[in-house]
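Worksheet: the structure to be examined is printed underneath.
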Amino acid sequence: MVSRWCHSSVTIVSLCPGVFRGLDVEQHQFLLDGDCKVKWAQDEVLVGAALMLEQHSTNTATSSHQPAPSEDADAHAEVARWAASKFVSIRKFMHEKYVKPLRDRGLPYVLVGGNRKVEFQEHY
């Protein structure tokens with residue numbers, strides 16, 4: 001089960017939260033150019049975490065997947081905890097970096113990318 005989410009975990013940067021784009025697993029390289037933290041990459045992790053949470057949560061009424069009796073309940077609980085944690089952290093990061101800077105300036109838009117810190121640039 002770990003291999004299903006390891007690429008997302010690798011792209012999550014603890015120093016500057018969020019995920020970056022352009023990971024080459026075989027070459028052990030990733031892009032850190034001027035637009036390395038694009039919003040769509042955050043969206044992908046958010047959607048993936050939501051799907052994993054739905055699939056591996058066995059104690060919610062909304063879960064569409066109930067594990068077979070032979071499946072390990074602890075493994076499903078571990079995946080569900082990981083997915084919930086990533087969903088919350090990426091959602092918070094997205095609001096702080098992609099939504100809030102423009103809302104604070106009275107604009108109804110969201111940023112679509114940025115540098116590794118996703119810093120607001122007045123004249124992009």
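The basis for the numbers below is simple: all heavy atoms, side chains too, and nothing from hydrogens, waters or symmetry mates.
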Checklist entry - Would you find a donor on one side and an acceptor on the other, under 3.5 Å apart, between the side chain of Lys97 and the backbone of Glu119? => result no
Using atom types as modelled, flag every donor-acceptor pair under 3.5 Å from a side chain in residues 102-109 to any protein atom, sequence neighbours excluded.
residue, atom, partner, partner atom, Å
Arg103, NH1, Tyr109, O, 2.6
Asp104, OD2, Lys100, NZ, 2.8
Arg105, NH1, Pro101, O, 2.7

Checklist entry - What distance do Ser57 atom OG and Arg81 atom CZ have between them, rounded to the nearest 0.5 Å? => result 10.5 Å
Next on the checklist: Using the rule that Ile, Leu, Val, Met, Phe, Trp and Tyr join whenever any side-chain heavy atoms are under 4.5 Å apart, tell me whether Phe93 and Phe120 fall into a single cluster.
Outcome noted: yes
Checklist entry - Heavy atoms, side chains only, cut-off 4.5 Å: are Tyr98 and Lys37 in contact? => result yes
Checklist entry - When rounded to the nearest 0.5 angstrom, what distance separates CD in Glu96 from CZ in Arg91? => result 10.0 Å
Item to check | Heavy-atom check, side chain of Lys92 versus side chain of His95, under 4.5 Å | outcome: no
Got a list of side-chain donor-acceptor pairs under 3.5 Å for residues 38-53, not counting sequence neighbours?
residue, atom, partner, partner atom, Å
Lys39, NZ, Asp43, OD1, 3.0
Lys39, NZ, Asp43, OD2, 3.0
Gln42, OE1, Val19, N, 2.9
Gln42, NE2, Val19, O, 2.7
Gln42, NE2, Val38, O, 3.2

